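I have placed the structure first, in the form of structure tokens, so that the comments after it can refer back to it.
Every chain is numbered from 1, with letters handed out A, B, ... down the list of sequences. Remember, it's a predicted structure, so these values are computed and weren't measured experimentally.
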Amino acid sequence: MKSRAKKGSAVKKPATTKKAAARKKKAAPKARSATPASQFSTPAGGPWGKCFLPRANGEKRYWLVKSEPETFGWSDLVRAQHQTTHWDGVRNHAARNFLRDGMRHGDLVFFYHSSTDPSAIVGICEVVREAYPDPTAVDPAHPGYDPDSSPAKPTWFMVDLRAVEPLPAPVTLAMIKKSRALAQMALLRVGRLSVTPVTPAEWKAVIALSRA
DNA sequence: GCCAACGTTGGC
DNA sequence: GCCAACGTTGGC
């Protein structure tokens, strides 16, 4: 399985002095937004703290994962053995926490195509194995290698996802942005995270949009 | 611990 | 291709 990330963010590269000079000309950095993603990365608090709380009996929770269809699309998942894949390549701590500490067996997950036209939620999959260490993070030959991680003390994790069904019709980012019911979706509020929570109400709203 | 200088994601 | 909005690194 290939990493979902274009490049391993853990791969350190030498600084380029050219770019450094270019950046000096830029205006002073703007103030941070009121809700940086780091705020959501701690199970203890933040708007999405509920994702990590104990569950009611039989409670199912909902998530969204992103992938570039060029790298690994919905059709790749459908063609995979048992229509199942290791969701490896997550190299962001907030996303890792949602994946490792939030996702549980049987949870349902929207499959979102990013960096494509149009970007859209295209299918539904299911968590069939809860978080376990991502071997690509401790493989020096792999682009997703992270020297700070080790088999004894892994930093990065993956889950197994199995395709359940495609959406009746893709729900595009434009549709999501127009929907009042989806205005607070984590996908919109922390757009760069590759793993985000979805509330039950948002889940229903996306399904309804897909059938509309 | 602060902060400037990066690097990355991903929509547009 | 541009660039906003992040996350990370490393000098101090």
Original post:
Is A/Lys66 near enough to B/dT9 that one of its side-chain N or O atoms lies under 4.0 angstrom from OP1 or OP2?
Top reply: no
Original post:
Can you name the ring-ring contact (aromatic ring centres under 6.0 Å, His included) partners of A/Phe111, sequence neighbours left out?
Top reply: A/Trp74, A/Trp87, A/His113
**OP:** Using atom NE2 of A/His113 as one end and atom C1' of B/dG10 as the other, report the distance to the nearest whole Å.
**Re:** 15 Å
Original post:
Of the nucleotides B/dC12, C/dA5, B/dG10, which one has an atom closest to the side chain of A/Ser115?
Top reply: B/dG10
Original post:
Of all the nucleotides listed (B/dG11, B/dT9, C/dG7), which has the minimum atom distance to the side chain of A/Arg192?
Top reply: B/dT9
Original post:
Are any of the side-chain nitrogens in A/Arg55 or A/Asp107 under 4.0 Å away from the carboxylate oxygens of its partner?
Top reply: yes
Original post:
Which whole-number value in Å describes the distance from A/Arg91 CZ to B/dT9 P?
Top reply: 11 Å
Original post:
When the distance from CZ of A/Arg96 to P of C/dG7 is rounded to whole Å, what number comes out?
Top reply: 14 Å
Subject >> A/Phe157 side chain reached by A/Asp101 side chain, heavy atoms, under 4.5 Å >> reply: no
Original post:
Between atom CE in A/Met185 and atom P in B/dG11, what is the gap in whole Å?
Top reply: 13 Å
**OP:** Rounded off to whole Å, could you give me the CD-to-P distance for the A/Glu68 and B/dT9 pair?
**Re:** 8 Å
Original post:
Which nucleotide, C/dG7, C/dT8, B/dC12, lies nearest any side-chain atom of A/His93?
Top reply: C/dT8
**OP:** Determine which pairs satisfy salt bridge (Lys or Arg N to Asp or Glu O under 4.0 Å) with at least one residue from residues 162-178 of chain A, sequence neighbours left out, and list them in order.
**Re:** A/Glu126-A/Arg162
Original post:
OP1 or OP2 of B/dG11 sitting under 4.0 Å from any side-chain N/O of A/Tyr112?
Top reply: yes
**OP:** Can you tell me the distance, in whole Å, between the CG atom of A/Leu188 and the P atom of B/dG10?
**Re:** 13 Å
Subject >> Whole angstrom value for the distance that separates P of C/dT9 from CG of A/Asn92 >> reply: 12 Å
Subject >> Between P of B/dC12 and CD1 of A/Ile176, the distance in whole Å >> reply: 11 Å
